[in-house]
Chemist: 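Got a structure for you, questions after.
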Number of protein chains: 2
Amino acid sequence: MGKYHHGDVRNVLLQQAENILIDEGPAGLSLRRLARLTGVSEAAPYRHFDGKDGILAAVAIAAFERFAEQLETAAASTENHEERIMALGAAYVQFAVENPQHFRLIFGRERPPLDQYPELRDAADNAFDVLQRAVTSVDRKAEMTLAEAASAYNRALAAWSRAHGIAMLVIDGMIVPPADQDLSGFVLGLLAEDLTIPANAE
Amino acid sequence: MGKYHHGDVRNVLLQQAENILIDEGPAGLSLRRLARLTGVSEAAPYRHFDGKDGILAAVAIAAFERFAEQLETAAASTENHEERIMALGAAYVQFAVENPQHFRLIFGRERPPLDQYPELRDAADNAFDVLQRAVTSVDRKAEMTLAEAASAYNRALAAWSRAHGIAMLVIDGMIVPPADQDLSGFVLGLLAEDLTIPANAE
DNA sequence: TTCTTATGTTAACTTTGTTAACATTAAAGC
DNA sequence: GCTTTAATGTTAACAAAGTTAACATAAGAA
């Protein structure tokens, strides 16, 4: 009665891998342990994934897809270019705070190399395309000079950087969002913060 | 002819560890390989460090110290509060770009836990104190209200976030600094970028 | 039915982190 | 000087992990 595992082991493994990742990070994800927890032999995962990187790639792909979805939702929430960038920034940080391990996985060096996993590259490209589109699709009704377009691009790049930095610093515990305020408000405030020298400087 | 006591093995190990870290990252740093490369027995490192985390902690401490030095230098380069923040941001990013592996080590989850390595905690605190001081030591000659001080703090936090984000995105290859411009100019431009809605928006 | 492929299993091999048990050197006390 | 002791090295072992090979079984195509 060697009732082999019939069901879709692949999906069970993936789900379990995600659970482990969430509360232990990629380092704690051991293929053998994963197999044991799933109730399958220790070599079974190799039938469904290209080793450890293969599993991480699969998890990362799913993460990128979810990330892209949430960014799209935010981007669609308004027609105004600046507002859209703000909304994107808030959604960006929110995803990181709610899914710190996924965020680190898709940005950190534990992410499998993109050139070895075409689907991973596609997922990544797609997510960043959402940002890219929001950045470049400035209000077309306002005719812009090339310089103005470049400036808009730089502003968006700056916004992205700040959002990314906030996300990283918050999930690293370097920045502690005030408990009395909602996260989104705090993030929006930071995003909109202007660094140019104020009038009262002198 | 057991050639015991070759000199200060500890420093040689540290230097070698740093070399490995630089071109392979913390994942590629294997204690046994490190020992072999250093020409010492595979268990020798344990006489000088508290295991792998111990070595990483030692490397991270050195990295924090170098980081703090460069930040201090930048902070001392001007008396103007806003200019100082800009200089700090540029130095911050420059350190990350010149020492990506160190930067990832001191900020990533491969960094040994601070509460297990008091010296590491001190090194980290010291580095962030440099930032903190630059943030809070606003021009005292201009009397500020509490609200103004809070606003200054938020601006500094925003600047830090953006610098951190730029650093991360650049060393991840997500942002590619223009080849024709020097890095510092590019970073300063991004740091100063204002996100408030421009006058020609309507 | 038979052949082939996908999926599982067990057993090995290699590397790594870590510790224990033992060896040698340098330095401190006498 | 001689002895004792702490620091520093060494070898040998262990468990855990990634990976692959060799073999087993299920399910579907021929």
Side-chain angles (χ1 to χ4, degrees), chain A residues 1-21 23-60 101 105 108-113 116-117 120, chain B residues 1-21 23-60 101 105 108-113 116-117 120:
Chain A
M1 175 160 169
K3 184 72 158 58
Y4 276 25
H5 233 273
H6 67 293
D8 62 339
V9 181
R10 192 192 140 97
N11 280 345
V12 181
L13 282 172
L14 249 187
Q15 182 56 52
Q16 196 74 36
E18 193 125 353
N19 290 341
I20 296 180
L21 178 87
D23 46 51
E24 302 193 39
L29 203 166
S30 138
L31 277 200
R32 301 182 94 121
R33 194 154 73 93
L34 169 61
R36 285 193 299 265
L37 286 180
T38 309
V40 86
S41 87
E42 294 187 331
Y46 289 87
R47 293 294 172 197
H48 301 277
F49 298 95
D50 177 20
K52 185 166 186 172
D53 265 11
I55 291 197
L56 286 180
V59 175
Q101 301 284 17
L105 176 61
R109 69 209 140 324
E110 257 127 331
R111 182 192 61 200
Q116 264 173 52
Y117 297 89
L120 179 55
Chain B
M1 171 104 191
K3 176 118 184 299
Y4 277 30
H5 278 239
H6 331 57
D8 66 338
V9 181
R10 193 192 140 97
N11 279 345
V12 181
L13 282 173
L14 250 186
Q15 182 55 52
Q16 196 75 36
E18 194 127 28
N19 290 341
I20 296 179
L21 179 88
D23 46 51
E24 302 192 38
L29 202 167
S30 139
L31 276 201
R32 301 181 94 120
R33 194 154 72 91
L34 169 62
R36 285 192 299 265
L37 286 180
T38 309
V40 87
S41 89
E42 294 186 332
Y46 288 86
R47 294 292 171 196
H48 300 278
F49 298 96
D50 178 19
K52 184 167 187 173
D53 265 11
I55 291 197
L56 286 180
V59 176
Q101 301 284 16
L105 175 61
R109 72 211 137 323
E110 257 128 331
R111 182 192 61 200
Q116 265 173 50
Y117 297 89
L120 179 56

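Below, all heavy atoms of this structure are taken into account, side chains as well, without hydrogens, waters or symmetry copies. Values in this document were obtained by computation on a predicted structure and should not be read as measured data. In what follows, chains are A, B, ... by sequence order, proteins preceding strands, each numbered from 1.
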Chemist: Does Arg36(B) put a side-chain nitrogen or oxygen below 4.0 Å from OP1 or OP2 of dT16(C)?
Modeler: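 Arg36(B) to dT16(C) OP1/OP2: side-chain N or O found under 4.0 Å.
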Chemist: CG of Asp8(A) versus P of dT7(C): gap in Å, rounded?
Modeler: 11 Å
Chemist: Keeping the roles fixed (side chain from Ser30(B), backbone from Arg32(B)), state whether a donor-acceptor pair exists under 3.5 Å.
Modeler: yes
Chemist: I would like to know whether Gln101(A) and Asp23(A) meet side-chain contact (heavy atoms from CB on, under 4.5 Å); could you show each step before the answer?
Modeler: CA-CA 8 Å; Gln101(A) 301 284 17; Asp23(A) 46 51; over 6 Å; no
Chemist: Measure CD1/Ile55(B) against C1'/dG17(C) and give the value in whole Å, please.
Modeler: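 Between C1' of dG17(C) and CD1 of Ile55(B): 11 Å.
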Chemist: What is the distance, rounded to the nearest whole Å, between atom CG of Leu31(B) and atom P of dT16(C)?
Modeler: 10 Å
Chemist: Quick check for you: among dG17(C), dG18(D), dT10(D), whose closest atom lies nearest to any side-chain atom of Lys52(A)?
Modeler: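 For Lys52(A), the side-chain atoms sit closest to dG18(D).
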Chemist: Taking the minimum atom-to-atom distance to the side chain of His48(A), which one of dG8(C), dG18(D), dT19(C) wins?
Modeler: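 So the nucleotide nearest the side chain must be dG8(C).
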Chemist: Which part of the nucleic acid, if any, lies within reach of Ser30(A) when heavy atoms closer than 4.0 Å are counted: base, sugar-phosphate only, or nothing?
Modeler: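 Since only primed, P, OP1 and OP2 atoms lie under 4.0 Å of Ser30(A), the category is sugar-phosphate.
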Chemist: Over how many whole Å does the gap from Glu42(A) atom CD to dG8(C) atom C1' extend?
Modeler: 13 Å
Chemist: Take Leu37(B) and Ile20(B), measure what side-chain contact (heavy atoms from CB on, under 4.5 Å) needs, and give me the verdict at the end.
Modeler: CA-CA 10 Å; Leu37(B) 286 180; Ile20(B) 296 179; 3.8 Å; yes
Chemist: Under a 3.5 Å threshold, yes or no: a donor from one side chain and an acceptor from the other, between Tyr117(A) and Asp53(A)?
Modeler: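 Note: Tyr117(A) and Asp53(A) side chains miss the donor-acceptor criterion.
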Chemist: Please state how far atom OH in Tyr46(B) lies from atom P in dA20(C), giving the value in whole angstrom units.
Modeler: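 Value for this atom pair: 12 Å.
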Chemist: Looking at every strand, decide which applies to Leu29(B) at a 4.0 Å heavy-atom threshold: base, sugar-phosphate, or nothing.
Modeler: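 Contact class for Leu29(B): sugar-phosphate only.
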Chemist: In whole Å, I'd like the distance from the CZ atom of Arg47(B) to the C1' atom of dA6(D).
Modeler: 11 Å
Chemist: Under 4.0 Å between a side-chain nitrogen and a carboxylate oxygen: does that hold for Glu42(B) and Arg33(B)?
Modeler: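 No, this pair does not count.
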Chemist: Side chain of Arg32(A) only, please: which of dT18(C), dT19(D), dG9(D) is the nearest?
Modeler: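 In terms of side-chain proximity for Arg32(A), the closest of dT18(C), dT19(D), dG9(D) is dT19(D).
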Chemist: Taking the side chain of Ala43(B) as its heavy atoms from C-beta onward, which of dT19(C), dT20(D), dG9(D) lies nearest to it?
Modeler: dT19(C)
Chemist: To the nearest Å, how far apart are Phe49(A) CZ and dG18(D) C1'?
Modeler: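 In whole Å, dG18(D) C1' and Phe49(A) CZ are 16 Å from each other.
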Chemist: Can you check the Leu34(A) CG to dT19(D) P distance for me, whole Å?
Modeler: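 Atom-to-atom, Leu34(A) to dT19(D), this comes out as 13 Å.
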